[in-house]
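Fair warning: this is a prediction, and the values are worked out from it, not measured in the lab. For the single chain, residues carry numbers from 1 onward in sequence order.
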Amino acid sequence: MSGRLPPAESWPVCHVSGGVRQELPDPVVVEEPLEIRLSGANGSETFPLTVTMRTPGCDAELAAGLLYTEGIVEKRDDLAEVRQAAPPGRPFESRVEVRLREGLAPDPAQGRTFVASAACGVCGKSSIDAIFVTGFPALPPDAPRIARSVLEELPQRMEAAQDVFARTGGLHAAALFDPSGELLVLREDVGRHNAVDKVIGALLLEGRLPASESVLLVSGRAGFEIAQKALRAGIPVLAAVGAPSTLSLRLAGRAGMTLVGFLRPGRFNLYTGAPRIRD
């Protein structure tokens, strides 16, 4: 038996079309819990930070991205080790253990005692002021500049790269592009926030933050938590296939972030940071 869970499983389904029933295998996206544990430099004392529901794959990036967007770590060097492990009695890897650098002590109070759903993301932030306490890279004013035609092509470019979504139809995606529309990083997950954390975690582990010359596109809504994560990573342009929320717009406006919603070929709504989008 493999030690890794696949991102999708074949599931027997009764397919009905035109009144005709047919038994067919259907690829269904996998949703499984991942425990993230934190320890100090000597690794002698660990504690659970959180348990989140996710689609298996890029789990180390998910853990690193979550630690960064939560403000627990500030840079790649804060992570002495990010290791995936299988808890006793489980054949699959469903735990990531993160060891912090020497001099950076984990705080058990940072641990979450709830099981985070794939949909809710980082919950409990009560105000924009509380978010700004964490600190963010300064966004470059009016840069980068993105051509309207390039922006309108991004959803199609993202969808073309979504391998698991093409098979299951059950995953969200987060994709990072450069100003010319070249795809830099794409991650898929059953949870919108997990997909974003995986992208940011990949950048953190490669030492590529802040991502000040990039555009982040998400397949769902541009809610407050998505905007907060993008801002934490220094991403100046956030675009979504779905709608923004009032709180995400207030956050984007205050930070000087460009926020685009309802992005489709040939149309979109430009809510904040209009000078970065050029005709």
Would you please say whether a donor-acceptor pair under 3.5 Å links the side chains of D26 and S10? no
Quick one: closest heavy-atom pair of D163 and E188, and the distance? N-OE1, 3.5 Å
Sorted by chain and number, sequence neighbours left out, side chain to side chain donor-acceptor pair (under 3.5 Å) with S219 holds for H172
Would you call V28 and E9 a side-chain contact if the rule is heavy atoms closer than 4.5 Å? no
List the residues meeting salt bridge (charged side-chain N to carboxylate O under 4.0 Å, His left out) with R187, not counting sequence neighbours, and say none if there are none. E61
Would you mind reporting whether P56 and V30 have side-chain heavy atoms less than 4.5 Å apart? yes
Tell me the closest heavy-atom pair linking V51 and P33, and the distance in Å. CG1-CB, 3.9 Å
Sorted by chain and number, sequence neighbours left out, salt bridge (charged side-chain N to carboxylate O under 4.0 Å, His left out) with R148 holds for E152, D279
So, E97 and R37, do they make that salt bridge, N to O below 4.0 Å? no
What residues, two or more places apart in sequence or in another chain, satisfy side chain to side chain donor-acceptor pair (under 3.5 Å) together with S180? D178
Nearest heavy-atom pair of A174 and V218: which atoms, and what distance? CB-CG1, 4.3 Å
Are L217 and V260 close enough, and set up right, to give a side chain to side chain contact (heavy atoms under 4.5 Å, CB included), and what steps lead you there? CA-CA 9 Å; L217 174 62; V260 174; over 6 Å; no
Say you draw a straight line from OG1 of T69 to CG of D197; how long is it, rounded to the nearest 0.5 Å? 4.0 Å
Rounded to the nearest 0.5 Å, how far apart are CZ of R101 and CZ of R76? 12.5 Å
How would you list, by chain and number, every residue that makes a side chain to side chain donor-acceptor pair (under 3.5 Å) with D142, sequence neighbours excluded? none
Minimum heavy-atom separation for K198 to G57, with atom names? NZ-O, 2.8 Å
Between T55 and V190 (side chain of the first, backbone of the second, donor and acceptor by atom type, cut-off under 3.5 Å), is there such a pair? yes
Atom pair CG/NE2 of L62 and H193 - distance to nearest 0.5 Å: 12.5 Å
Measure the shortest side-chain to side-chain distance between R276 and L139 over non-hydrogen atoms and say whether it is less than 4.5 angstrom. yes
Please table the atom pairs, donor to acceptor, closer than 3.5 Å between any side-chain atom in residues 201-214 and protein atoms at least two apart or in another chain.
unit_1, atom_1, unit_2, atom_2, d
E206, OE1, R208, NH1, 2.5
S214, OG, A211, O, 2.6

Do L154 and L151 have side-chain heavy atoms sitting under 4.5 Å apart? yes
Could you pull out all residues at least two apart from R278 that satisfy side chain to side chain donor-acceptor pair (under 3.5 Å)? none
So does G181 get a backbone contact from the side chain of R157, meaning a donor-acceptor N/O pair under 3.5 Å? yes
Checking E81 now: which residues fulfil side-chain contact (heavy atoms from CB on, under 4.5 Å) with it, not counting sequence neighbours? R83, R99
Answer yes or no for R232 and Y68: cation-pi contact, defined as NZ/CZ to six-membered ring centre under 6.0 Å and angle to ring axis within 45°. yes
In terms of heavy-atom contacts, A252 and L259 come closest through CB-CD1, 3.9 Å
Evaluate the side-chain proximity of L79 to V98: yes if any heavy-atom separation is below 4.5 Å, no if none is. yes
R54 pairs by side chain to side chain donor-acceptor pair (under 3.5 Å) with which of D59, N194, D189? D59
Got a sec, which residues hit side-chain contact (heavy atoms from CB on, under 4.5 Å) with A161, two or more places apart in sequence or on another chain? L183, L186
Kindly write out the residues that satisfy salt bridge (charged side-chain N to carboxylate O under 4.0 Å, His left out) with R264, not counting sequence neighbours, or none if the list is empty. none
Separation between CD1 of I277 and OG1 of T258, rounded to the nearest 0.5 Å: 5.5 Å
Sub-4.5 Å side-chain heavy-atom contact between V73 and L100: yes
So which heavy atom on I72 is nearest to which on L104, and how close? O-CD2, 4.3 Å
Would you call V96 and L34 a side-chain contact if the rule is heavy atoms closer than 4.5 Å? yes
Supply the members, apart from V20, of the Ile/Leu/Val/Met/Phe/Trp/Tyr cluster built from side-chain contacts under 4.5 Å; use none for a lone residue. none
Donor-acceptor list for residues 240-250 side chains, cut-off 3.5 Å, not counting sequence neighbours:
unit_1, atom_1, unit_2, atom_2, d
S245, OG, S248, N, 3.2
S245, OG, S248, OG, 3.3
S248, OG, A222, O, 2.9
S248, OG, S245, N, 3.0
S248, OG, S245, O, 2.8

